[in-house]
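This report concerns only the one structure given below.
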Number of protein chains: 2
Amino acid sequence: MDRADFIEQFEQARAAREMLVFFCSCEINYSGRAEAHLPKGDRLIVIKQDGVFLIHQPEKGNPINYLKSGAELALEKFEGHLLLKGKYLPNKEFLDVEIYTIYDLLRRKLEDGQQQTLMGNEADMSDAIRDNPAMIARDFKPVSREEHTKVGFLDVFGHDGKGNLVVVECKRYTAGLSAVSQLHRYVAKIKQLKGTNKVKGVLASPKITSNAEEMLKSYGFEWRHVIPPHRAARHDKKQQSLTNF
Amino acid sequence: MDRADFIEQFEQARAAREMLVFFCSCEINYSGRAEAHLPKGDRLIVIKQDGVFLIHQPEKGNPINYLKSGAELALEKFEGHLLLKGKYLPNKEFLDVEIYTIYDLLRRKLEDGQQQTLMGNEADMSDAIRDNPAMIARDFKPVSREEHTKVGFLDVFGHDGKGNLVVVECKRYTAGLSAVSQLHRYVAKIKQLKGTNKVKGVLASPKITSNAEEMLKSYGFEWRHVIPPHRAARHDKKQQSLTNF
DNA sequence: TACTACATCTCGCAT
DNA sequence: ATGCGAGGTGTAGTA
């Protein structure tokens, strides 16, 4: 594509707050949270209406370079080719793209005010536990869920019939060492805050690594095998009837 | 764009392993690690040569829906419109896109074998500490760096002149509670493994949150103010001469 | 703004 | 394949 034509398309797209995507050959320098350089190659460049700036290589899922929403963009001529300069000032980030060839370009105003509905996240898991406290223990009485406290963010918090406070940490996937550390932190804080040692820690997840289980036991905590609601719905019909009502 | 034309373009692009991007109006269902639904709206769809499948709304940086490299795609007619079905079998993930209108399309084989060079990551930071151990303590002697052990991944490990083992955990940015927990885990493991209590924990980062600092002190650990190399290069000329050699 | 934790996290590396 | 931790993580929610 002709250089002057590209400049015009770029300016019009930005002025109209349209989405702009193009294939090009380019070389990239990033400076900000790190320093990075990517030699010349073919890429897809996406510029969104809100300033989001994405550069994708032909493989792999993540953009190789990017700036966040709110970035400012400027296109200028530079030593016989084009220089597309992006900056995101809040983080002092700069993304400079030397563009050698523009192959193809699309631009369009996209209309989309929709939000995704999602189920099966960690909040849904703590919901299920609150509604079926027997998952944790016969005598477990949850009193709060997803609560931000001075202690931190407790997934489920309650007590049992023996005068123990109970802290439950949920993980949607295999719980590892960091999950145990997190639980340990919460339990320690609760002990300190309430001035008691009668605090139990429970980790609820569909799976746990052997190292994590060992560490969990060394702290005197317990693990409960809990399958997140949406997966229970597909893998276990009985579980579904428990968790979805 | 005409439906039959789109089908042909899609099939050709996939057969030739080209990158394919298009604007469309669509409705999306995802099932796999969670269950999600996104009502009809305008989006950018990107299909990469390796099967990466990205759907972007007109704002925000991350794709609203996606499948990873290796996904299989199939396009079929469905009740008067088109259905683009993606599946990623290793995780039993399914991404179905009902396409109502195709606005524009680009496809091209992109040639790019380049890799990004990056400096200023955590490894560079542990390098700098290894080369300037006085950053941690006058008498600190590093013996290893970036080492995978049974204990975990130790950024810098060494000893001081008083017979203490020293574990250093680096963070490129503000260290929070989880960084302290991580350090605590490493120190505990080292104590257990070496059968000694003479193990010191040091957290090195440019910043630390107040809660994290409090927790750090309660464990008897210490914090060192360390600026990652690439930022030191821009903010402190003296630091540059130390760290870049 | 600072702080915290989730994420359909992704990715690389080592076992 | 699993385990583990980094990431230019991004993003949401709260104090």
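A note on names: the letters A, B, ... follow the listed sequences, proteins ahead of strands, and every chain is numbered from 1.
- Side-chain proximity of B:Arg172 to the nucleotides C:dA5, D:dG8, D:dT11 is greatest for D:dG8.
- Inter-residue side-chain proximity for B:Arg172 and B:Cys170 is flagged as unmet; no heavy-atom pair is nearer than 4.5 Å.
- B:Gln182 comes within 4.0 angstrom of sugar-phosphate atoms only, judged by non-hydrogen atoms across all strands, and of no base.
- Only the P atoms considered, D:dT11 is 16 Å distant from C:dC11, to the nearest whole Å.
- A parallel orientation is assigned to the rings of B:His184 and B:Tyr219, their planes being inclined by less than 30° (bins at 30° and 60°).
- Ring-to-base geometry does not place B:Phe153 in a stacked arrangement with D:dC4 (centre distance under 5.5 Å, plane angle under 30° required).
- If you check every strand for non-hydrogen atoms under 4.0 Å, B:Ile64 touches a base.
- Comparing C:dT8 with D:dC4, their P atoms sit 23 Å apart, to the nearest whole Å.
- B:Asn121 comes within 4.0 angstrom of the backbone, heavy atoms only, and of no base.
- A:Gln116 comes within 4.0 angstrom of a nucleotide base, judged by non-hydrogen atoms across all strands.
- A salt bridge between A:Asp127 and A:Arg130 is present, with a side-chain N of the basic residue lying under 4.0 Å from a carboxylate O of the acidic one.
- Distances shown here put every side-chain N or O of A:Tyr173 at or beyond 4.0 Å from the OP1 or OP2 atom of C:dA7.
- Taking only side-chain atoms of A:Lys171, from C-beta outward, the nucleotide of C:dT8, D:dT11, C:dC6 with the closest atom is C:dC6.
- Within 4.0 Å (heavy atoms only), B:Glu93 reaches at least one base atom of the nucleic acid.
- If you take atom P in D:dG8 and the same atom in C:dT4, they sit 22 Å apart, rounded to whole Å.
- Put simply, CD on A:Gln115 and CD on B:Gln57 are 8.0 Å apart, with the number rounded to the nearest 0.5 Å.
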